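Treat the numbers as computed from the prediction; the structure is a model and nothing was measured. Keep in mind that the numbers below use all heavy atoms, side chains included, and drop hydrogens, waters and symmetry copies. We count residues from 1, following the sequence as given.
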Amino acid sequence: MKLRVNGQFMQLEDTQISVQDLLESLELGVKTVVIECNDHILTKEMHTSTLLKDGDHIEIVHFVGGG
């Protein structure tokens with residue numbers, strides 16, 4: 001499966017993967033993130049139920065603390 005994640009193309013061997021699975025594979029599973037999938041913002045509850053498909057466009061924004 002081929003995805004575009006934050007503007008970069010990514011090839012995955014899995015043919016069925018959820019947004020949560022993708023976050024865990026990118027080691028972002030425990031961070032506070034905002035996910036946009038094909039121009040739709042997903043709630044956190046939707047991360048496990050939203051299955052990705054070939055050609056999806058994903059934008060991931062995570063927050064960094066500082067001061």
Side-chain angles (χ1 to χ4, degrees):
M1 171 176 18
K2 189 173 185 180
L3 303 173
R4 190 174 74 188
V5 179
N6 290 353
Q8 302 287 324
F9 287 100
M10 173 183 274
Q11 186 72 36
L12 301 175
E13 291 183 24
D14 295 322
T15 57
Q16 192 159 15
I17 184 172
S18 70
V19 169
Q20 184 63 39
D21 294 334
L22 176 65
L23 292 176
E24 289 173 4
S25 74
L26 296 172
E27 298 181 0
L28 294 173
V30 296
K31 294 185 180 182
T32 301
V33 294
V34 175
I35 306 294
E36 181 181 287
C37 180
N38 300 324
D39 299 322
H40 294 26
I41 294 176
L42 304 178
T43 64
K44 184 173 179 124
E45 293 78 23
M46 297 170 73
H47 292 183
T48 54
S49 63
T50 302
L51 297 178
L52 299 172
K53 56 189 176 308
D54 193 51
D56 279 349
H57 299 186
I58 309 297
E59 293 294 324
I60 303 172
V61 178
H62 61 94
F63 301 94
V64 179

Response to the item:
Rounding to 0.5 Å, atoms CD (Q20) and NZ (K44) come to a distance of 7.0 Å
Fill in: Rounded distance [0.5 Å steps], CG in L51 versus CE in M1
9.0 Å
Item to complete: Would you indicate whether I41, at its atom CD1, is surrounded by more than 12 heavy atoms from other residues, nucleotides or ligands within a distance under 6.0 Å?
Response: no
Item to complete: If a pair satisfies side chain to side chain donor-acceptor pair (under 3.5 Å) and one of its residues is in residues 1-13, list it, with sequence neighbours excluded.
Response: R4-H57
Discussion item. Checking H62 now: which residues fulfil side-chain hydrogen bond (donor to acceptor under 3.5 Å, both in side chains) with it, not counting sequence neighbours?
Written reply: none
Worksheet item: If you group Ile, Leu, Val, Met, Phe, Trp and Tyr by side-chain heavy-atom gaps below 4.5 Å, do I35 and M10 land in one group?
Response: yes
Worksheet entry | Residues in side-chain hydrogen bond (donor to acceptor under 3.5 Å, both in side chains) contact with S18, at least two apart in sequence or another chain | D21
Worksheet item: Going from CG on L23 to CD on E27, what distance comes out if it is rounded to the nearest 0.5 angstrom?
Response: 12.0 Å
Worksheet item: What residue pairs, at least two apart or across chains, pass salt bridge (Lys or Arg N to Asp or Glu O under 4.0 Å) with a residue in residues 51-62?
Response: K53-D56
Item to complete: Could you pull out the closest heavy-atom pair between T50 and M46, with the gap in Å?
Response: OG1-O, 2.7 Å
Item to complete: Check side-chain hydrogen bond (donor to acceptor under 3.5 Å, both in side chains) between T15 and all other residues, then give those that pass, not counting sequence neighbours.
Response: none
Discussion item. Which residue is it: L52, V33, I60? I am looking for the one with a side chain to side chain contact (heavy atoms under 4.5 Å, CB included) to V19.
Written reply: L52
Item to complete: For D14, enumerate each residue passing the side-chain hydrogen bond (donor to acceptor under 3.5 Å, both in side chains) test, keeping only those at least two apart in sequence or located in another chain.
Response: none
